[in-house]
Number of protein chains: 2
Amino acid sequence: MEVTVAEPQTDSMAAALENILTVSKNGPGLCPVRDILDRIGDKWSLLTILHLGRADNLRFNELRRHIEGISQRMLTVTLRSLETDGLITRTAYAEVPPRVEYRLTALGRSLLGAVVELGNWATAHAPAIAEARRAFGVE
Amino acid sequence: MEVTVAEPQTDSMAAALENILTVSKNGPGLCPVRDILDRIGDKWSLLTILHLGRADNLRFNELRRHIEGISQRMLTVTLRSLETDGLITRTAYAEVPPRVEYRLTALGRSLLGAVVELGNWATAHAPAIAEARRAFGVE
DNA sequence: CAGAATCCGGTATGATACTG
DNA sequence: CAGTATCATACCGGATTCTG
């Protein structure tokens, strides 16, 4: 089953843009998009979400192996952040050695669609960006 | 006209996840998602893209007025970054006083869909996140 | 295994002043 | 109007060490 990606460019998008950019509803000058990106726009959050989206449930060191290059500290920090935002749950089992499982909440899974679309765009257009940078570097 | 947002959760998403998370195609351990977020995941890029997506073409100080809180320096830096990535174009008119127009490239517009979806999610679920943080803060 | 605590450097961001 | 240049700083993230 195919998924129509982007490119509709209809006025539904214009309406969405209007809605999104209508700032300062909640806080003083706080745009939801800015607010969200302050949370998941860091170095590891989205990647963590993607991996949990694929595997449904992962342990601490499983995640660490999957997310190449992440430090122990940053995995901890990232997981705590996602947890306090209600995007993942942390389940610790009273065993020895300890076992802790992380998985997406319903809220977290609801984010997965947008993230996947962003990921699709990234994989599809990464070459174009690399090309643009090269062209600009020469100039 | 309605837009069906997320929630298909079909195996097309599973396939997309596999594809996105298949790391190390281009560089050494470079995931496209990480790569993209290193560029547009900063404090102002997405917001700039959204505003240019709405207005089609904006001048420097127009953007500055629209993007609440951005400093002159950061707007310059952000625009340069987006330009070298091939997401926007910069057109300077030899007039006095000078006039410079920024607009999305085709590449930039192709990103708009994913960004808008992320924005929709953000505006829709911002209350849920705020609620989660409050609940966690009490605990 | 799953972390906590500490130290530390680079960078992203901001404030300010100046220019063509 | 549309920047550039310089300085100051906050904080993100990595390396390391220690623990239940």
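Please read all numbers here as calculations on a predicted model, not as lab measurements. Reminder, nothing fancy here: chain letters follow the sequence lines and each chain counts from 1. No hydrogens, no waters, no symmetry mates; every other heavy atom, side chains included, goes into these values.
Separating the CG atom of B:Leu63 from the C1' atom of D:dA2 is a distance of 12 Å, rounded to the nearest angstrom. For the pair B:Gln72 CD and D:dA5 P, the computed distance is 13 Å after rounding to whole Å. If you measure from atom CD1 of B:Ile67 to atom P of D:dA2, you get 14 Å, rounded to the nearest angstrom. Atom CH2 of A:Trp44 is separated from atom C1' of D:dC12 by 12 Å (rounded to the nearest Å). A straight line from CG of B:Asp38 to C1' of D:dC12 spans 12 Å, rounded to a whole angstrom. We find that NZ of A:Lys43 is positioned 13 Å from P of D:dC12, with the value rounded to whole Å. With rounding to whole Å, A:Leu75 atom CG is found 17 Å from D:dC12 atom P. For A:Asp42 and D:dC11, the CG to C1' distance is 13 Å, given to the nearest whole Å.
Within residues 80-99 of chain B, the residues approached by DNA chain D to less than 4.0 Å at the level of any non-hydrogen atom are B:Arg80, B:Arg90, B:Pro97, B:Pro98, B:Arg99, in residue-number order.
Relative ring orientation between B:His51 and B:His66 is described as perpendicular, the plane-to-plane angle rising above 60° on a 0-90° scale split at 30° and 60°.
Contact annotation: B:Tyr102 does not reach the phosphate of D:dC1 (side-chain N/O to OP1 or OP2, under 4.0 Å).
With A:Arg90 contributing its side chain and A:Val100 its backbone, the two residues share no donor-acceptor pair below 3.5 Å. Under the 3.5 Å distance criterion, the side-chain polar atoms of A:Thr78 are left unmatched by any main-chain donor or acceptor of A:Ser45.
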Enumerate donor-acceptor pairs with a distance under 3.5 Å from any side-chain N or O in residues 69-76 of chain B to protein atoms, sequence neighbours excluded.
residue	atom	partner	partner atom	Å
B:Ser71	OG	B:Met74	N	3.2
B:Thr76	OG1	B:Gln72	O	3.1

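Judged purely by distance below 3.5 Å, without hydrogens or angles, the side chains of B:Thr22 and B:Asn19 never pair a donor atom with an acceptor atom.
Nearer to the 5' terminus of DNA chain D, by closest-nucleotide assignment, is the contact made by B:Arg65 (compared with the other of B:Arg65 and B:Arg73).
Looking at heavy-atom distances under 4.0 Å, B:Arg64 makes no contact with the nucleic acid at all.
When DNA chain C is scanned 5' to 3' for any atom under 4.0 Å from a heavy atom of chain A, the first and last hits are C:dC1 to C:dT6.
Expressed to the nearest 0.5 Å, how far CZ of A:Phe136 lies from CZ of B:Arg80 amounts to 7.5 Å.
Ionic pairing of B:Glu131 and B:Arg133 is not present here: no N-O contact between side-chain nitrogen and carboxylate oxygen is shorter than 4.0 angstrom. The pair A:Arg64-A:Glu62 does not meet the salt-bridge criterion, since no charged nitrogen lies less than 4.0 angstrom from a carboxylate oxygen.
Pairing each heavy atom of A:Ile49 with each of A:Leu104, the nearest pair is O-CD1, 4.0 Å.
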